[in-house]
A.B. asks: 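Quick one: this structure, given as structure tokens, is what I'll be asking you about.
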Amino acid sequence: MSKDSVQCVWLKRDLRVLDHRPLVEAAARGPVVLLYIVEPEMIEAPDFDGIHWQFIRQSLVDLQASVRELGGALCIRRGEATAVLDTLHIEYDFAGLWSHEETGNAWTFARDKRVARWASGAGVTWQEFAHNGVVRGLRDRDGWARVWETRMAEPLLVVPESLSSPTPAVADIEIPTCAALGLTLEGRALDLTGGEGEGLRVLQSFIDERGKRYHREMSSPNQAYKSCSRLSPYLAWGCVSMRTAYQAIATAAGTRMPKIAARAVIARLHWHCHFMQKLESEPAIEFHAFNRACDTLRAQGHDAAKLEAWQEARTGYPFVDACLRALKARGWINFRMRAMLVSFASYHLWLDWRCFKDWLACQFIDYEPGIHLSQIQMQSGLTGINTLRIYNPIKQGTDHDPDGKFIRTWVPELKEVSNDFIHDPWMMPDLIQIETGCQLGVDYPLPIVEHREAVRFARARFTELRQLPEYREASRAVLQRHGSRKGRSGRGGGRGTKRSKQADDSPQGEFNFTA
DNA sequence: AGTGCAGTTGACTTT
DNA sequence: TAAAGTCAACTGCAC
């Protein structure tokens, strides 16, 4: 393409100007149209919610300002991607289309294929660059961790000094609100605002103030809200690049942040890409269990009443209900509690993951398909290579909310219940129920399932399943495809001949996540 | 002071 | 990253 021909940067989940390779590459070649497409398919997708659009919208407002400051303009259009690109191509005759690789759902994958076809038909060169640590076209996990390290260590790409705008000038349009798109935001009390500027401020406040005790406090829903980085939505929508976050935290390790805290965060940035990689390598996990033999395990797993009780946070388990209510209001809860909520839906309520994955995605302001899908499957026991992790909601409560503070905040029905019964109010003698004004089954529901009994049932189903030869075979295949090479016998692994019993040495480690 | 017992704690194994 | 079960060591206490 000739120098000074118009270039189009197509923004997707990369709403920023710092460390943005497509932008840098395009700006070096000529006038730039920065395009964001409001796609009907996205707005209408079952895993898309007003909570997401609001965050995107705020990010676009912020981006609009920074792009203007560089002398450019942000072009926002509504419509199907190839239709929008086609119109824009007629208007600007751009020679190159630049974007980041996206690890998305079936619809984004199909749309990208349409765009590729359109680009080649229109004589436009579409260039995509790797985003974060996900590797496209990966065969197995050999050397994956090294690629991640290498990418994270590369210098940040600076913001172009200026952007030259194409003619005709990009017309400003009002960025549609949730209401304009038919999306709602009822009952939310979100405290994070979308945008690159906000994202960088959140990163800074985490390093300078909030993250000192990250490693110790991330498991408690009381403290995690402040002590976790809260970067997840900014990473999910690309307001802050993974590399920016990584380098800021790595640099602060041992100075502004305790080394142990910084290490814990970096391990999770690594896991972030690790789980996205699973969807990139196997898009079918949107619809099928990692281990296909598990696909029919909960075939009858759609008890509408149980699903509804869970979604409405009236399961009768105070800690579960508190976590669900907090999540619904804030759009965020810490990792451990997410795992517990999925475990409860999958094991205690025996619901099929496919009947709640979209609803859950709509509660997460930081929804990232690759992480979401692989985590749900893992916490539901569908990988076939992990031991079952069935959370005891009472134990989680006594461990991470010992004085019931979190429960009383989110389940006010139990405000007057003493610490003796806050985690298992159904144990309250009638007399005490009357005294506290909290009658079980009236003011607060009785447990919809009995823990021991439900867990025994779930375990029995898995025991049966594991007898099947097709299950064993599929498990081997999962390990082959997604399993780490690190520490596997016969591959070296740098630990000498002695096999350690540490978790990171086990093949299961590949699906693991610490929080 | 020594013994028996109940209950606790921690390490380790199994599911 | 889970939880439950087993076993041994230990603690506090009564006698």
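Excluded from the calculations below are hydrogen atoms, water molecules and symmetry mates; all remaining heavy atoms, backbone and side chain alike, are included. So you know, we letter chains A, B, ... as the sequences are listed, proteins then strands, and number each from 1. Computed from a prediction, not measured in an experiment: that's the story for all the values here.
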A.B. asks: Check residues 231-238 of chain A and write down every donor-acceptor pair under 3.5 Å in which the side-chain atom is one partner and the other belongs to a residue at least two apart or another chain.
C.D. replies:
residue: A:S232; atom: OG; partner: A:D366; partner atom: OD2; Å: 2.7
residue: A:Y234; atom: OH; partner: A:T193; partner atom: O; Å: 2.6
residue: A:W237; atom: NE1; partner: A:I365; partner atom: O; Å: 3.2

A.B. asks: Using the ring of each side chain (for Trp, its six-membered ring), is A:F206 parallel, tilted or perpendicular to A:Y214, with breaks at 30° and 60°?
C.D. replies: perpendicular
A.B. asks: Which pairs with one or both residues in residues 287-299 of chain A pass side chain to side chain donor-acceptor pair (under 3.5 Å), sequence neighbours excluded?
C.D. replies: A:H288-A:D295, A:N291-A:S475, A:D295-A:R354
A.B. asks: Under 3.5 Å, which N/O atoms of the protein pair with N/O atoms of nucleotides 7-12 of chain B?
C.D. replies:
none

A.B. asks: Give the table of side-chain donor-acceptor pairs shorter than 3.5 Å for residues 252-259 of chain A, with sequence neighbours excluded, one pair per line with atom names and distance.
C.D. replies:
residue: A:T255; atom: OG1; partner: A:A252; partner atom: O; Å: 3.0
residue: A:R256; atom: NH1; partner: A:D208; partner atom: OD1; Å: 3.3

A.B. asks: Extract from the structure each pairing of a protein N or O with an N or O of nucleotides 2-5 of chain C at less than 3.5 Å, listing the distance.
C.D. replies:
residue: C:dA2; atom: OP1; partner: A:R336; partner atom: NH1; Å: 3.1
residue: C:dA2; atom: OP1; partner: A:R336; partner atom: NH2; Å: 3.4
residue: C:dA3; atom: OP1; partner: A:N392; partner atom: N; Å: 2.6
residue: C:dA3; atom: OP1; partner: A:Q396; partner atom: NE2; Å: 3.2
residue: C:dA3; atom: OP2; partner: A:K395; partner atom: NZ; Å: 3.1
residue: C:dA3; atom: OP2; partner: A:Q396; partner atom: NE2; Å: 3.3
residue: C:dA4; atom: OP1; partner: A:N392; partner atom: ND2; Å: 3.3
residue: C:dA4; atom: OP1; partner: A:H451; partner atom: NE2; Å: 3.3

A.B. asks: Applying side-chain contact (heavy atoms from CB on, under 4.5 Å), name anything that partners A:E312, two or more places apart in sequence or on another chain.
C.D. replies: A:E308, A:R314
A.B. asks: Partners of A:D303 by salt bridge (charged side-chain N to carboxylate O under 4.0 Å, His left out), sequence neighbours excluded?
C.D. replies: A:K306
A.B. asks: Could I get the full list of ring-ring contact (aromatic ring centres under 6.0 Å, His included) partners for A:F48, not counting sequence neighbours?
C.D. replies: A:H52
A.B. asks: List the residues meeting ring-ring contact (aromatic ring centres under 6.0 Å, His included) with A:H20, not counting sequence neighbours, and say none if there are none.
C.D. replies: A:H100
A.B. asks: Report the distance from atom CD of A:E464 to atom P of B:dT15, rounded to the nearest whole Å.
C.D. replies: 16 Å
A.B. asks: Excluding sequence neighbours, so at least two apart, what forms side chain to side chain donor-acceptor pair (under 3.5 Å) with A:E282?
C.D. replies: A:H482
A.B. asks: Enumerate the side chain to side chain donor-acceptor pair (under 3.5 Å) contacts for residues 424-449 of chain A, please, sequence neighbours excluded, ordered by first and then second residue.
C.D. replies: A:D321-A:Y444
A.B. asks: Whenever both distances are under 3.5 Å in a Watson-Crick or G-U wobble pair, mark it; put DNA chain C into dot-bracket that way, with [ ] for crossing pairs and | when the partner is on another strand.
C.D. replies: .||||||||||||||
